[in-house]
There are 2 protein chains.
Amino acid sequence: MTVTIYDVAREAKVSMATVSRVLNGNPNVKPETRKKVKDVIERLDYRPNAVARGLASKKTTTVGVIIPDISNLYYSSLARGLDDIAEMYNYQIIITNTDNDPDKERDAFLGLISKQVDGIVFLGGALNEETLNDIKKSHLPVVICGTSEKDENMPSVNIDYNEAIKEAASKFLDGGAEQIAFVKGSYSEQLERHIVDGLKTAYSEHDRSFDEKYILSTGADYQSGAELYETIRELEADVVITMSDDAAIGVLHKAMDHDISIPDQLQVLSCSNTRLVNMVRPQLSSIALPLYDIGAVGMRLLTKYMNEETVEEANVILPYRIEYRGTTK
Amino acid sequence: MTVTIYDVAREAKVSMATVSRVLNGNPNVKPETRKKVKDVIERLDYRPNAVARGLASKKTTTVGVIIPDISNLYYSSLARGLDDIAEMYNYQIIITNTDNDPDKERDAFLGLISKQVDGIVFLGGALNEETLNDIKKSHLPVVICGTSEKDENMPSVNIDYNEAIKEAASKFLDGGAEQIAFVKGSYSEQLERHIVDGLKTAYSEHDRSFDEKYILSTGADYQSGAELYETIRELEADVVITMSDDAAIGVLHKAMDHDISIPDQLQVLSCSNTRLVNMVRPQLSSIALPLYDIGAVGMRLLTKYMNEETVEEANVILPYRIEYRGTTK
DNA sequence: ATGAAAGCGCTAACAA
DNA sequence: TTGTTAGCGCTTTCAT
C-alpha cells in the first residue's frame, strides 16, 4: 500500500498535524521533532499526495495553458518560457491545444476549471468572446501572452506591435518602397488592429495613405504563404510583412521560384524570429519577438496573482528588435 | 460559493449517491430521476470537482509527459499527437521539460507521481537508469515514444531505426558513396546502437566495414551542425546522416558556404522530416518519422494500459519513409 | 433504483 | 510546540 501522512505520524510518534507542518515548512515545530519526522519520511519514502492536498487546501499548484498548437514553433517557444518559470515556482502545467477553435477553447477552459488549476495562461491566437466571459466569471488569475484581447484590461505580456510595425514600415518607406502588403495569420482582431494602426501611422508620416486591400489573410503555415504569392504579385507589392515565419518563407520561396530577386524586387519581413529565420537562404529578416521571455514573464506575472502579491503593471510590454537580414535591403 | 454535488442532490431531492451515478453514467438510475438531476445540474451550472473525484476514485484522468524540450519541433510534434488522442479519451496532460538532464527528469517524474497521474509518456531523449527504476517501482503505466531504453521491455512506439538506416546507407553505398558520417544527437544509447547496427549491416553487405570514427557526436541544433562541418570535411565523408533536421541544415549551409556542391560533393540526409525540410534550398532529404502518429499511437497504447485492456503488442513499430529530396543524388 | 455513511489523504482552525 | 477534529467534494460499498 501507499504510505500516507498517517503512517509517518504513527512511526514518528507525533500527530499528522505535525507531519503536515514539517511538510509545509511551518516554523512552529521543534527542530528535533522536525528531524525525527524527516527521518521517518525518508525511511518510509513518503511522498505527499498532491490531490488530497489540493482538495484540502484548495490549491493545486498547477496552472492551465491554453494554446493554439504546441507543434508550432511560435507557441512552443512561449510554452517553454512558461514551463521553466513554472517549474521554478513549483507549478506544473496542463497544456491543451485548441487550433483556435472556439469550441475546443471552451472545452479546454472548462476542463481546466474542473481540475481546479490555480491560474491560466492563454498563449497566442484569438481569445473568443465566450471564453473570455467564462474566464471573467471564474475569478481565476489569467494572463494572456503574445496576443491581445478586445477590452485590453486583462493581465498580459506583449511587445508593442503598433510601434514595431510602424518602425519597420517607416524604414521600408524611407528606402523607397512602393507598396507594403501585410499578411495576417489567425490572430486576434485586437492585435491586427494594432498592426494596421502602425502601418497607417507610418504611411501617413510619409504623406501617403495605406489601402486596406493590402491586408491579406491566410494561414500561418508555409503552404499558405506560398499560395499567397500570386496575390502579392497581382497587388504589385514590393514589400511583404507577415505574422508568421513559416508564411514568410513560403512567400519567399515562391517568389524565388518565379525568379524574383530578393530583396531587390521583393522584400520580406516576418514577425516572430523563430529559429527558422537562419535556416533559409537568404536569411529571413524578422521582427524579433522575445518569445521565450514573453512566456517566462507571463508565468511570473501569473505567480504574482496566484500568491496575491501586488502587481505594479498588469500589461507588460517587452522590447522587440528588428533583425534586418538577407530578405530586406 | 461553488456549487457541489451536495447542492445538486438537495435541489433535486435525491441523495448525492444518485447524483454521482448520473454523473458517471451509471445505468442504475430511473430515467426520470436522471432527467431531474440533469436539469438541476444544468440549472445550477454545476461542474464536478476533478480533484475531489481524483481523491475518492484514485483516478485523475491526467497523464504526465516527460519531454526533453517542448520548443523542439521533433518533440512538440510528438506531443501534439499525444494531446489529440489524450483529449479524445478525456485525459489531460501535464508536460515537463527535462533538457535530458537526469536530475530534472527525476524531479519531473516524482512531481507527476505526487500529482497522482494515471500514466506517463516518456518522449524522446535518453531515459536514465535511475528514473527507469523509479518508473518500474511505481507500477504506473508508462509508454516510451520515439526512443528506446536499455532493456527493451517497456511499452514503446518507434520506427525500425536499424532497418531505416540500413536502407538509407545501402542506397548511398550502391550509389558509390565513399564514406558515410553519422551525427548523433543526445539520444539514448540503445537507439544509437540500433543505428550503428544498421550502418554496419549496410557496410558489411557491401563487403566493407564501418569505422566508428565516423560516428560524430553533437547537439541537435543548427549551430552544432554548422560547427561539425569542419570535422566532416577532415574525415572526407561524402555523405552525412544526422538525427536532427536542424543539425543537418547546419551542416548543409556550412558546406554551401564553402562552395561544396550539394548533393554532388556532399549528400545530406536527416532523420526527422519535420517541416523544416521544405524550408531550405535544396530541400533536405530525410527519413520521415511519423512523429505525430508516434505520439498518437503512444497515447492510445497508454489508455489501454490505464483501462486495463489487453494489449496485443507492447512494442509498436510504425512504418517510416525515406524522402529523397535535393540533398541526395 | 435509491440512500446512508464511510472513507480518499491531506490542511487548517482551534485547543491545549 | 503539539494534538484533535472537522472538513475539502467526491466515489463506493452496503443496505434497503
Side-chain angles (χ1 to χ4, degrees), chain A residues 1-38 40-41 44-62 90 110-118 307, chain B residues 1-38 40-41 44-62 90 110-118 307:
Chain A
M1 277 312 295
T2 63
V3 14
T4 73
I5 199 175
Y6 185 77
D7 299 318
V8 175
R10 184 169 28 72
E11 288 285 313
K13 298 188 190 8
V14 295
S15 71
M16 16 181 321
T18 300
V19 178
S20 178
R21 285 190 191 97
V22 344
L23 244 31
N24 296 296
N26 185 316
N28 291 337
V29 182
K30 211 197 306 175
E32 95 196 42
T33 313
R34 182 183 304 280
K35 176 164 185 353
K36 190 170 59 179
V37 172
K38 284 200 163 170
V40 175
I41 287 177
L44 302 187
D45 197 26
Y46 164 73
R47 300 195 207 297
N49 179 326
V51 174
R53 214 176 217 183
L55 184 58
S57 68
K58 299 185 172 308
K59 295 209 170 306
T60 54
T61 64
T62 95
N90 283 309
L110 295 179
L112 293 173
I113 293 288
S114 103
K115 287 261 159 88
Q116 315 296 120
V117 295
D118 295 338
N307 301 328
Chain B
M1 276 309 296
T2 63
V3 14
T4 72
I5 198 174
Y6 184 76
D7 300 316
V8 176
R10 184 169 29 73
E11 288 286 313
K13 300 186 186 12
V14 296
S15 71
M16 16 183 317
T18 300
V19 178
S20 177
R21 284 188 191 100
V22 344
L23 244 31
N24 296 295
N26 185 318
N28 290 338
V29 182
K30 210 198 305 174
E32 95 197 39
T33 312
R34 181 183 305 279
K35 177 163 185 350
K36 191 171 57 178
V37 172
K38 284 200 163 169
V40 175
I41 287 177
L44 301 187
D45 197 26
Y46 164 73
R47 299 195 207 297
N49 178 324
V51 174
R53 214 177 216 183
L55 183 58
S57 68
K58 298 183 170 311
K59 294 206 170 309
T60 54
T61 65
T62 95
N90 283 308
L110 295 180
L112 293 173
I113 292 289
S114 105
K115 287 261 159 88
Q116 314 297 119
V117 295
D118 295 338
N307 301 329

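The side-chain hydrogen bond (donor to acceptor under 3.5 Å, both in side chains) search around B/Asp45 returns B/Arg47, not counting sequence neighbours. A search for salt bridge (Lys or Arg N to Asp or Glu O under 4.0 Å) contacts involving B/Lys35 returns B/Asp39, not counting sequence neighbours.
Around atom NZ of B/Lys38, no more than 12 heavy atoms belonging to other residues, nucleotides or ligands sit under 6.0 Å away.
Judged by closest nucleotide on DNA chain C, B/Pro31 is the one of A/Ala52 and B/Pro31 placed further toward the 5' end.
Rounding to whole angstrom units, CG of residue A/Asn26 and C1' of C/dA13 are separated by 13 Å. Following rounding to the nearest Å, A/Asn24 (CG) and C/dA13 (C1') show an atom-to-atom distance of 15 Å. Distance, B/Asn49 CG to D/dT11 P: 10 Å, rounded to whole Å. In this structure, the OH atom of B/Tyr6 is 13 Å from the C1' atom of C/dG3, given to the nearest Å. Counting to the nearest Å, the P atom of D/dC8 and the CD1 atom of A/Ile5 are 18 Å from each other. Atom C1' of nucleotide D/dC8 and atom NZ of A/Lys59 are separated by 14 Å, given to the nearest angstrom. As a whole-Å value, the separation of A/Gln116 CD from D/dC10 P is 8 Å. Separating the CG atom of B/Asn28 from the C1' atom of C/dG3 is a distance of 14 Å, rounded to the nearest angstrom.
Regarding contacts with the backbone of D/dG9, a side-chain N or O of A/Lys58 is found under 4.0 angstrom from either OP1 or OP2. Here A/Arg53 reaches the OP1 or OP2 of C/dT11: one of its side-chain N or O atoms lies under 4.0 Å away.
The A/Thr33 side chain lies nearest to D/dT2 when the options are C/dC10, D/dT2, D/dT11. Counting only heavy atoms from C-beta on, A/Lys30 has its side chain closest to D/dT1 among C/dC10, D/dT1, C/dT11. Taking every side-chain heavy atom of B/Thr4 into account, D/dG9 is the closest of C/dT2, D/dG9, D/dT11. Closest to the side chain of B/Ser20, from the set D/dT11, D/dC10, C/dC10, is D/dT11. With C/dG9, C/dT2, D/dC10 as the choices, the nucleotide that has an atom nearest any side-chain atom of B/Val29 turns out to be C/dT2.
Under the 3.5 Å distance criterion, the side-chain polar atoms of B/Lys115 are matched with a main-chain donor or acceptor of A/Thr61. Listed for the A/Asn24 side chain is no donor-acceptor partner under 3.5 Å among the backbone atoms of A/Asn26.
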Strictly under 3.5 Å: I want the nitrogen or oxygen pairs between protein and nucleotides 3-7 of chain D, one per line.
residue: D/dG3; atom: OP2; partner: A/Ser15; partner atom: N; Å: 2.8
residue: D/dG3; atom: OP2; partner: A/Ser15; partner atom: OG; Å: 3.3
residue: D/dG3; atom: OP2; partner: A/Thr18; partner atom: OG1; Å: 2.8
residue: D/dG3; atom: N7; partner: A/Arg21; partner atom: NH1; Å: 3.4
residue: D/dG3; atom: N7; partner: A/Arg21; partner atom: NH2; Å: 3.4
residue: D/dG3; atom: O6; partner: A/Arg21; partner atom: NH2; Å: 2.4

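Summarising the geometry, atom CD belonging to B/Gln116 is positioned 7.5 Å from atom OG1 belonging to A/Thr2; distances are rounded to the nearest 0.5 Å.
Among A/Leu55, A/Val117, A/Thr62, the one residue that satisfies the side chain to side chain contact (heavy atoms under 4.5 Å, CB included) test with B/Val51 is A/Leu55.
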